[in-house]
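Everything numeric here is computed off the predicted structure, so don't read it as measured data. Throughout, residue positions are numbered sequentially from 1 according to the sequence presented.
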Amino acid sequence: MSFAKWIGGAIGWSFGGPIGAIIGIALGSFVDNISGNGTPLLGEQQTGRSQKRDPYRQRPKQTRRDQKPKTQSGDFEVSLLILASIIIKADGKQDQRELDFVRQQFRNMYGADRANHAFELFKRITKQNISMRQVCLQIKQMMDHASRLQLLHFLFGIAKADGHVAESEVNEIYRMSGYLGISRKDFDSIKAMFYDMTNNAYKILEVDKNASDDAVKKAYRKMAKKYHPDRVGHLGKEHQTGAEDKFRQVQEAYEHIQAERGFK
């Protein structure tokens with residue numbers, strides 16, 4: 001399977017805007033995109049002609065102001081790769097353990113062949129100077145909230161992969177969360193899934209430690225709904241694994257508070 005065919009078949013709205021430009025530059029170094037092997041170049045029309053299109057082409061129109069274009073698996077994937085490349089460079093170096101984490105996560109999600117393609121793209125993306133703000137604003141506009149939460153979850157995993165959490169990495173993720181339209185409570189909830197913090201279980205459920213038992217139960221139902229794997233079902237089964245991890249940690253947080261307080 002050629003790289004261009006793989007990436008082209010899975011991408012929707014991320015063909016356009018700053019993300020499309022980043023992908024275009026990265027793919028430009030791949031031989032199968034310039035070798036005339038019959039695979040259309042990124043942005044070419046699938047009409048039998050080899051007519052190139054502007055990588056900044058206009059994004060799909062929305063039918064309603066509050067309706068986002070459907071995020072395909074490839075849209076999520078390249079968004080994840082671009083944001084991961086920013087986090088990995090946040091502390092001024094690229095740690096091999098973080099790179100290995102990215103590669104292994106993609107193997108777990110996509111299998112060896114697709115993971116190898118994704119990692120090759122990732123290495124080329126890391127060589128670019130990327131505007132975090134522009135990329136995140138495009139993602140915020142085009143991607144649903146549940147998928148954006150899933151992106152944040154993956155980024156925290158990268159920051160934790162080398163065993164040492166640099167303050168610069170957490171600060172970058174926090175900046176990203178703001179541009180992505182993710183609330184401080186959601187940021188703290190996902191962060192608490194990765195780091196030992198005071199009152200971790202309560203932070204995961206986004207509830208105060210002094211909240212009543214009924215308030216805790218209500219918060220649990222709300223968070224279980226927010227993090228349910230079905231919320232990212234449109235991204236494909238490969239992305240539901242991470243969602244299942246978040247969902248499990250919400251359940252564990254609730255069970256911890258139940259045991260601590262002695263209610264059912």
Side-chain angles (χ1 to χ4, degrees), residues 71-84 86-88 95 97-112 114-115 118-119 122 139 143-165 169-170 172-174 176-177 180-207 216 219-259:
T71 296
Q72 300 186 49
S73 178
D75 297 317
F76 182 89
E77 188 171 342
V78 296
S79 298
L80 189 155
L81 288 175
I82 292 169
L83 296 183
I86 297 173
I87 295 303
I88 279 183
D95 190 284
R97 286 168 293 186
E98 293 175 331
L99 294 173
D100 289 343
F101 176 85
V102 174
R103 184 191 290 272
Q104 187 57 49
Q105 287 299 305
F106 272 77
R107 279 182 172 271
N108 292 342
M109 287 189 292
Y110 305 124
R114 185 172 171 183
F119 198 72
F122 176 73
I139 294 171
M143 186 181 290
D144 60 281
H145 184 251
S147 298
R148 282 179 274 142
L149 291 177
Q150 190 62 29
L151 281 176
L152 199 70
H153 187 267
F154 188 93
L155 295 174
F156 269 115
I158 292 174
K160 187 71 179 291
D162 60 359
H164 171 70
V165 183
E169 292 176 319
V170 176
E172 288 291 83
I173 297 175
Y174 180 66
M176 283 181 181
S177 69
L180 290 170
I182 294 172
S183 71
R184 179 60 188 263
K185 282 190 174 182
D186 282 339
F187 172 85
D188 287 338
S189 173
I190 295 177
K191 180 182 177 182
M193 296 178 183
F194 290 89
Y195 310 113
D196 292 330
M197 304 163 64
T198 305
N199 301 325
N200 244 27
Y202 292 92
K203 283 189 169 72
I204 290 174
L205 295 185
E206 298 183 3
V207 68
V216 171
Y220 166 67
R221 290 192 295 269
K222 176 183 176 182
M223 297 304 293
K225 182 178 180 181
K226 180 188 294 186
Y227 289 149
H228 197 282
D230 287 349
R231 297 295 296 274
V232 295
H234 59 286
L235 298 179
K237 291 182 179 180
E238 61 268 25
H239 292 297
Q240 289 188 298
T241 300
E244 289 168 359
D245 184 52
K246 294 201 308 296
F247 187 73
R248 183 179 64 254
Q249 291 190 64
V250 166
Q251 291 179 309
E252 291 174 353
Y254 181 64
E255 290 168 1
H256 173 83
I257 296 173
Q258 276 185 311

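Between atom CG of residue Leu80 and atom OG of residue Ser147 there is a gap of 11.0 Å, rounded to the nearest 0.5 Å. The CZ atom of Arg148 sits 8.5 Å away from the CE atom of Met143 when rounded to the nearest 0.5 Å.
Between the side chains of His234 and Asp144, at least one donor-acceptor pair of N or O atoms lies under 3.5 Å.
Pairing each heavy atom of Ala224 with each of Val250, the nearest pair is N-CG1, 4.1 Å. Considering every non-hydrogen atom in both Ser177 and Leu152, the closest pair reads CB-CD1, 4.0 Å. Residues Leu205 and Tyr254 share a closest heavy-atom pair of CD1-CA, 4.1 Å. Heavy atoms only, all atoms of each residue included: Ala192 and Ile204 are closest at CB-CG1, 3.7 Å.
Among Lys226, Met223, Lys203, Arg184, the single residue meeting the side chain to side chain contact (heavy atoms under 4.5 Å, CB included) criterion with Ser189 is Met223. Checking Ile182, Leu83, Leu151 one by one against Met176, the side chain to side chain contact (heavy atoms under 4.5 Å, CB included) holds for a single residue, Leu83.
Phe247 and His228 have perpendicular rings, their planes meeting at more than 60° on a 0 to 90° scale where under 30° would count as parallel.
Evaluation of the side-chain contact (heavy atoms from CB on, under 4.5 Å) rule for His153 yields Gln150, Ile190, Met193, Phe194, Asp245, Lys246, Gln249 as partners, not counting sequence neighbours. Glu244 meets the side chain to side chain donor-acceptor pair (under 3.5 Å) test with no other residue; sequence neighbours excluded.
The closest donor-acceptor contact from the side chain of Arg231 to the backbone of Ala146 lies at 3.5 Å or more, if one exists at all.
With contacts defined as side-chain heavy-atom distances shorter than 4.5 Å, the pair Ile173/Phe187 qualifies. Ile88 is listed as a side-chain neighbour of Phe122, based on a closest heavy-atom distance under 4.5 Å.
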